[in-house]
J.: 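Okay, handing you the structure first.
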Protein chains: 2
Amino acid sequence: MFSNFALFSRFTMSIAERKEREKAEMRSLILSAAHHIFKEKGYDGLNIRSIAERIEYSPATIYLYYKDKNEIFYALQYEAAAAKRDHLIPAASIEDPWQRLIEFGRLYVDFGLKHPDWYDLLFLTRAPMEHIENQECWTLGLATHSFFTETVQACVDARYFKSTDTQTIAYTLWCHAHGLVSLFVRERMRMYPPEIREELAKKSFTMMVKMAEGL
Amino acid sequence: MFSNFALFSRFTMSIAERKEREKAEMRSLILSAAHHIFKEKGYDGLNIRSIAERIEYSPATIYLYYKDKNEIFYALQYEAAAAKRDHLIPAASIEDPWQRLIEFGRLYVDFGLKHPDWYDLLFLTRAPMEHIENQECWTLGLATHSFFTETVQACVDARYFKSTDTQTIAYTLWCHAHGLVSLFVRERMRMYPPEIREELAKKSFTMMVKMAEGL
DNA sequence: CACCTCACTAAACAATGTTTAGTAACTTTG
DNA sequence: CAAAGTTACTAAACATTGTTTAGTGAGGTG
């Protein structure tokens, strides 16, 4: 792809392009290492030196490709957001908005319970939230959230609820699902025996669906 | 109080007692410093050296009174749990279980929004959860949680709901309240303009109460 | 071929949790 | 009361981790 072009412009572009490509490859290599370490050791076990060791470069090299650890964090958050979106995609094809909403919720909770570290990264890690609005991970998360509120809107439009306050309905449902997953992920359910926790979560989800039907 | 006793048992107890008292005082001094720093700089700004500096002792001294930073963390969590319990106490005097439950929920959310750092410490900080069950802070939190489930049980007994599944009802309500506060505390509500966030939370709480009425 | 740019690194710095070895004051004992 | 023992405390060090600095050498340029 680039090599043909290179024949014509060896002195103007090809080297610069190759360097750019190599730069992108290196960024991707770093991120992939970070991803693996995160999956193995969690966010706490993820540090610059461990990334450097894994890719067999010095720690200082990392800083030539990412400004600081926060940038790597943002990139990981993007991966988490993408994983979440992919997990939720099957719901999008359901025609009936109410059924779509239920499946969306079910998959949302399912994602949280199956990938607690991803969920944690997205919604529970304190980490850098300063200029998160400018980050791709936020944009992606926002898109998924929009899909959710649009589905709620579709339910409202189709008169599935008596209430027409789409915003509050959507927010309330989100609060429940998020609270449910959060208590799981951060282990604040220890008053319940471990073997009933997942069952309780499912029962609660079902109950919330029933409650929403009466809205 | 002790001094009289000391006249009789100078060689057996008084010195040991005074030392014990001094030890307790020192622990309390350290904790109080930690408390202040936590309130001013948050958990991230809280470190052993800053505590040591505030009480004008060397950092190593801290370790003579607390095994490690986790122990200080547990002690702070206890303070947070006590603050939460105190905040919720007014609800306890309400006779009608349904009104008591509503007020309990309102105060719970109110506590979270007014003291995000305390709430964070109790429910969102990753920190050490290994042997938390043996810690006083957990016992206290459990007591508050029991008060909550007992109130739900009272509502069930008084036939305020059609459902009799106390556990699931309580858990569902908790999920919503916890999710609501968590999204606030960890700043995941940036898709809503700041000025409507608190209003939205209140509307959602009201909506949840209405939904619960139909349970 | 001399120059230069740039990717990379060793080493250091800073912050923070924690341990060690020692000192000085206090307590007990003869 | 003096010697011996115990204890509270500390300076200094060590370990970990994020980040910066000063350089080095290999590859590209004129």
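Just so it is clear, the values below take in all heavy atoms, side chains as well, and ignore hydrogens, waters and symmetry mates. In what follows, every chain begins at residue 1, and chains take the letters A, B, ... in the order their sequences are listed.
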J.: Nearest whole angstrom, please: distance from the C1' of C:dA7 to the CZ of A:Arg21.
T.: 16 Å
J.: Taking the six-membered ring where the residue is Trp, are the ring centres of B:Phe73 and B:Tyr66 under 6.0 Å apart?
T.: no
J.: Counting only side-chain heavy atoms from C-beta out, which of D:dT10, C:dT18, D:dT20 sits nearest to B:Tyr57?
T.: D:dT10
J.: Rounded to the Å, how far apart are A:Glu25 CD and C:dA7 C1'?
T.: 15 Å
J.: Roughly how many Å is it from OH in A:Tyr65 to C1' in D:dT19, rounded to a whole number?
T.: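 About 18 Å, once rounded to whole Å.
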J.: If you check every side-chain atom of A:Ala60, which of C:dT20, D:dC9, C:dA10 has the closest atom?
T.: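 In terms of side-chain proximity for A:Ala60, the closest of C:dT20, D:dC9, C:dA10 is C:dA10.
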J.: Both A:Lys67 and A:Asp44 contact DNA chain D. Which one's nearest nucleotide lies toward the 5' end?
T.: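 Nearest-nucleotide comparison on DNA chain D picks A:Asp44.
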J.: Roughly, in whole Å, what's the span from OH in A:Tyr66 to C1' in D:dG18?
T.: 17 Å
J.: Looking at B:Leu142, is its backbone amide N or carbonyl O close enough to the side chain of B:Ser146 to form a donor-acceptor pair, meaning the two atoms are under 3.5 Å apart?
T.: yes
J.: State which of C:dT18, D:dT19, C:dT9 makes the closest approach to the side chain of B:Asp68.
T.: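 When the side chain of B:Asp68 is considered, C:dT18 is the closest of C:dT18, D:dT19, C:dT9.
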J.: Tell me whether the guanidinium CZ or amine NZ of B:Lys84 lies under 6.0 angstrom from the six-membered ring centre of B:Phe147 and within 45° of its axis.
T.: no
J.: Roughly how many Å is it from CD in A:Glu71 to C1' in D:dG18, rounded to a whole number?
T.: 15 Å
J.: Can you name the one residue among A:Phe123, A:Tyr171, A:Tyr108 that meets ring pair (Phe, Tyr, Trp, His ring centres under 6.0 Å) with A:His178?
T.: A:Phe123
J.: Between atom CD1 in A:Ile62 and atom C1' in D:dT17, what is the gap in whole Å?
T.: 13 Å
J.: Taking only the side-chain heavy atoms of A:Arg49 (C-beta and beyond), determine which of D:dG18, C:dT9, C:dT20 contains the nearest atom.
T.: D:dG18
J.: Can you tell me the distance, in whole Å, between the CD1 atom of A:Ile51 and the P atom of D:dG18?
T.: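 So the two atoms are 8 Å apart, to the nearest Å.
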J.: The side chain of A:Lys69 lies closest to which of these nucleotides: D:dT20, D:dC9, D:dT19?
T.: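 The answer is D:dT19, which lies nearest to the side chain.
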J.: Which nucleotide, D:dT19, C:dT9, C:dT18, lies nearest any side-chain atom of A:Ile48?
T.: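 Closest nucleotide among those given: D:dT19.
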J.: For the side chain of A:Tyr63, starting at C-beta, report the closest nucleotide among C:dT9, C:dT19, D:dG18.
T.: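 Closest of the options to the side chain of A:Tyr63: D:dG18.
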J.: Which nucleotide sits closest to the side chain of B:Ser58: D:dA11, D:dA8, D:dT20?
T.: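 Among D:dA11, D:dA8, D:dT20, the one nearest the side chain of B:Ser58 is D:dA11.
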J.: Is B:Arg100 reaching over with its side chain to a backbone N or O of B:Thr151, donor-acceptor style, under 3.5 angstrom?
T.: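 Judged by distance alone, no pair lies under 3.5 Å.
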J.: Expressed in angstrom and rounded to an integer, what is the separation of A:Met26 atom CE from C:dC8 atom C1'?
T.: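 Taking CE of A:Met26 and C1' of C:dC8, I get 9 Å after rounding.
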J.: Need one value for A:Leu46: base, sugar-phosphate or nothing, where a base atom within 4.0 Å counts as base even if backbone is also close, heavy atoms only.
T.: sugar-phosphate
J.: Side chain of B:Asn47 only, please: which of C:dT20, D:dT17, C:dG17 is the nearest?
T.: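 Selected nucleotide: C:dG17.
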